[in-house]
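Single-structure report; data block below.
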There are 2 protein chains.
Amino acid sequence: MRKKTDLIEGIIDDIRRIFQALTEQSRRVGYETNLTGPQLWVVKLLKETSPMKVSDLARRMYLHPATMVGLLDRLEVKGLLKRTRSEDDRRVVYINLTEQGRELEVNSPEVVQNLLAKGLEGLAGQELSVISESLGQIVHLLGVQDVPPQLIMTAKIKVPKTKELL
Amino acid sequence: MRKKTDLIEGIIDDIRRIFQALTEQSRRVGYETNLTGPQLWVVKLLKETSPMKVSDLARRMYLHPATMVGLLDRLEVKGLLKRTRSEDDRRVVYINLTEQGRELEVNSPEVVQNLLAKGLEGLAGQELSVISESLGQIVHLLGVQDVPPQLIMTAKIKVPKTKELL
DNA sequence: ATAAATAATTTGGTATACAAACTATTTATA
DNA sequence: TATAAATAGTTTGTATACCAAATTATTTAT
C-alpha cells in the first residue's frame, strides 16, 4: 500500500490537474471563438435563458453592474447580442442573443461541465457513488458544503503565445 | 440507491464547489493582504526559493516576461521585494523578498494546498486510497493525466463589495 | 570582430473589474 | 397629487493583468 503522504500528494496534484483543465478550457475559448472567458459565459447564460435583464446577468456572474455593461458593450459591438428597452418598465433593458450569437454558441467549445457529464455517464452507478463520496469529503474539508455552486469559468486567462514560455 | 443522473449532478456540483473554494481563497487574499492573487503568488514563490530571476518567475507562473515586470514593479513599490542586478551576468536581475515581504508572507492566508493537506492528514489511509482513485478517474475523464500540476491560483478575481451582489 | 542570442524593460493596446456619480423611471408616502 | 426614495442602467475614472512588438544592454557563438 502506498504511503499516506504519497497519497495526499497525489490527491492534491489531481486537484491541481482538474483545476488546470477548467482554466485550460477557458483559454481554448479564446482561440476558438475570439471571445474571452467572461464573454462566452454571457453567451452561454443567454443561450440557457433569454431574454435576461442586465441586472440578472450581473447577479448570475457575481459582477458589478458597471462591469456587466462593459461586457455587454463589447458583445454588442461584435453583433452577438441585442439590447431592448422594456415597454413595461422603461428602466429595464433586456438582452437577447442575435442569430449570429446563437450560431457562435453552437460552435463554441463544450463547456467543461458537459465534458464531465458525458464521461461520468459511462461509469457504473457503483463507481459514481464512490466518486461522489470522495468529492463530498474534499468539499467538507474545504468547508464549502453550503456554498451554492456557481458556473465554472475563470475571470480572464490568456495563453502565452511566445514559445519561450512553453 | 440514488439515481445515476442525480449522482452525476452532485459530482459536478461538488467540483464546482471545490473550484469555488480555490478561487474564493484567492479573493480572500485581497482583503487580508491588500495584494491581488498573482501578486501573492509571486511572494509565495519567492518564499519557497529566492533569489529568482525575472525569467524564472515568469516561467513558473506561465506569464509573459512583460507581465512579470509589471507585477514586480507593483510589488517593489509596495516595498515587498528588491531587484538586484547580477554581477556575473549583468543582463540578469535577481528578485528577493524584503523583510517586509517575508513578514507579509507569514501573515498571509494559508494557500489552499496546505489547507487541504492538513485536512487529508486526518483521514485514514484507506479513505485516502478511495479518494485518490476517484480523483484519478475524473482526471482521466478530463484527459489531463499528463498535465504537470501547476500551482493553484487564478489570474484575477475580485470580491464584489456592493451588497446588492451578495 | 561581428552576428546571434538572451534578459529585462518600455511602449502601446485590450479586457476585466470596481466605486462613485448620473439619468431616467417607477414606487411609496405624506 | 406632489415629492421623496428606490431601482435599472449607464458613464466616468482608476487599477490591475495581460500580451505583442520594439528597445537596450550584455553575453555567446562564429
Side-chain angles (χ1 to χ4, degrees), chain A residues 23 26-27 29-31 33-42 51-59 61-78 83-95 153-166, chain B residues 23 26-27 29-31 33-42 51-59 61-78 83-95 153-166:
Chain A
T23 57
S26 128
R27 293 181 195 190
V29 169
Y31 283 139
T33 65
N34 252 310
L35 293 187
T36 62
Q39 287 172 8
L40 182 66
W41 188 358
V42 171
M52 277 182 114
K53 302 184 200 169
V54 175
S55 48
D56 290 339
L57 282 166
R59 211 172 357 259
M61 292 179 64
Y62 294 80
L63 293 180
H64 198 281
T67 305
M68 201 64 234
V69 168
L71 260 168
L72 294 176
D73 286 347
R74 285 181 287 274
L75 287 170
E76 198 178 28
V77 165
K78 286 175 203 268
R83 282 170 155 108
T84 316
R85 198 160 281 276
S86 162
E87 293 295 323
D88 299 349
D89 182 340
R90 311 210 18 84
R91 293 169 304 176
V92 170
V93 169
Y94 285 113
I95 312 293
M153 185 68 70
T154 54
K156 183 199 175 186
I157 292 164
K158 284 256 181 86
V159 195
K161 260 134 202 155
T162 30
K163 267 144 239 157
E164 49 174 317
L165 292 181
L166 303 177
Chain B
T23 57
S26 129
R27 293 183 195 188
V29 169
Y31 283 139
T33 66
N34 254 309
L35 294 187
T36 62
Q39 286 172 7
L40 183 65
W41 190 358
V42 171
M52 277 183 114
K53 301 184 200 169
V54 175
S55 48
D56 289 340
L57 281 166
R59 212 173 358 259
M61 291 177 65
Y62 294 78
L63 292 180
H64 196 283
T67 305
M68 200 65 233
V69 168
L71 260 168
L72 294 176
D73 286 347
R74 286 183 284 275
L75 287 170
E76 197 180 26
V77 166
K78 286 174 202 268
R83 281 169 156 107
T84 316
R85 196 160 282 275
S86 164
E87 292 296 323
D88 299 349
D89 183 341
R90 311 210 19 84
R91 294 170 302 177
V92 171
V93 169
Y94 285 113
I95 312 294
M153 186 68 72
T154 53
K156 182 197 177 187
I157 292 163
K158 283 259 182 87
V159 193
K161 259 132 203 157
T162 29
K163 266 144 237 154
E164 49 176 314
L165 292 181
L166 302 177

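Reminder, nothing fancy here: chain letters follow the sequence lines and each chain counts from 1.
Using a 4.0 Å cut-off, some side-chain N or O of T67(B) falls inside it from OP1 or OP2 of dC19(D). Neither OP1 nor OP2 of dT6(C) sits under 4.0 Å from any side-chain N or O of S55(B).
Near DNA chain C, defined here as any heavy-atom distance below 4.0 Å, the residues from residues 84-95 of chain A are D88(A), D89(A), R90(A), R91(A), listed numerically.
The CE atom of M61(A) lies 13.5 Å from the CZ atom of R59(A); values are rounded to the nearest 0.5 Å. One distance of note links CZ of R83(A) with OH of Y94(A); it measures 15.0 Å at 0.5 Å rounding. Between the CG atom in L57(B) and the CG atom in L71(B) there is a gap of 9.5 Å [rounded to 0.5 Å]. Taking NZ of K53(B) as the start and CZ of R91(B) as the end, the distance is 9.0 Å to the nearest 0.5 Å.
By the 4.5 Å heavy-atom criterion applied to side chains, T36(A) and R74(A) are not counted as neighbours. Looking at heavy atoms from C-beta onward, I95(A) lies out of side-chain contact with E76(A) at the 4.5 angstrom threshold. Inter-residue side-chain proximity for D73(A) and V77(A) is flagged as unmet; no heavy-atom pair is nearer than 4.5 Å. Residues L35(B) and L75(B) form a side-chain contact, since some pair of their non-hydrogen atoms from C-beta on lies under 4.5 Å apart.
We find that CG of L71(B) is positioned 13 Å from C1' of dA15(D), with the value rounded to whole Å. Computed from coordinates, the M61(B) CE to dC19(D) C1' distance equals 15 Å when rounded to whole Å. Between the C1' atom of dT16(C) and the CE atom of M68(A) lies a distance of 12 Å, rounded to the nearest Å. Rounded to a whole Å, the NZ atom of K53(A) is 10 Å from the C1' atom of dT7(D). Rounded to an integer number of Å, the gap from CE of M52(B) to P of dA8(C) is 11 Å. Atom pair K78(B):NZ and dA15(D):P shows a separation of 11 Å (rounding to whole Å applied). The separation between L57(B) atom CG and dT9(C) atom C1' is 15 Å, rounded to whole Å. Rounded to an integer number of Å, the gap from L72(A) CG to dG9(D) P is 10 Å.
Proximity note for Q39(B) (side chain, C-beta onward) versus dT10(D), dT16(D), dT9(C): the nearest is dT16(D). Proximity note for R83(A) (side chain, C-beta onward) versus dA15(C), dT10(D), dC19(D): the nearest is dT10(D).
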Atom pairs under 3.5 Å: protein N/O with N/O of nucleotides 11-14 of chain D:
none

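Pairing each heavy atom of L63(B) with each of M68(B), the nearest pair is CD1-SD, 4.5 Å.
When both pairing distances are held under 3.5 Å, dT30(D) makes a Watson-Crick or G-U pair with dA1(C).
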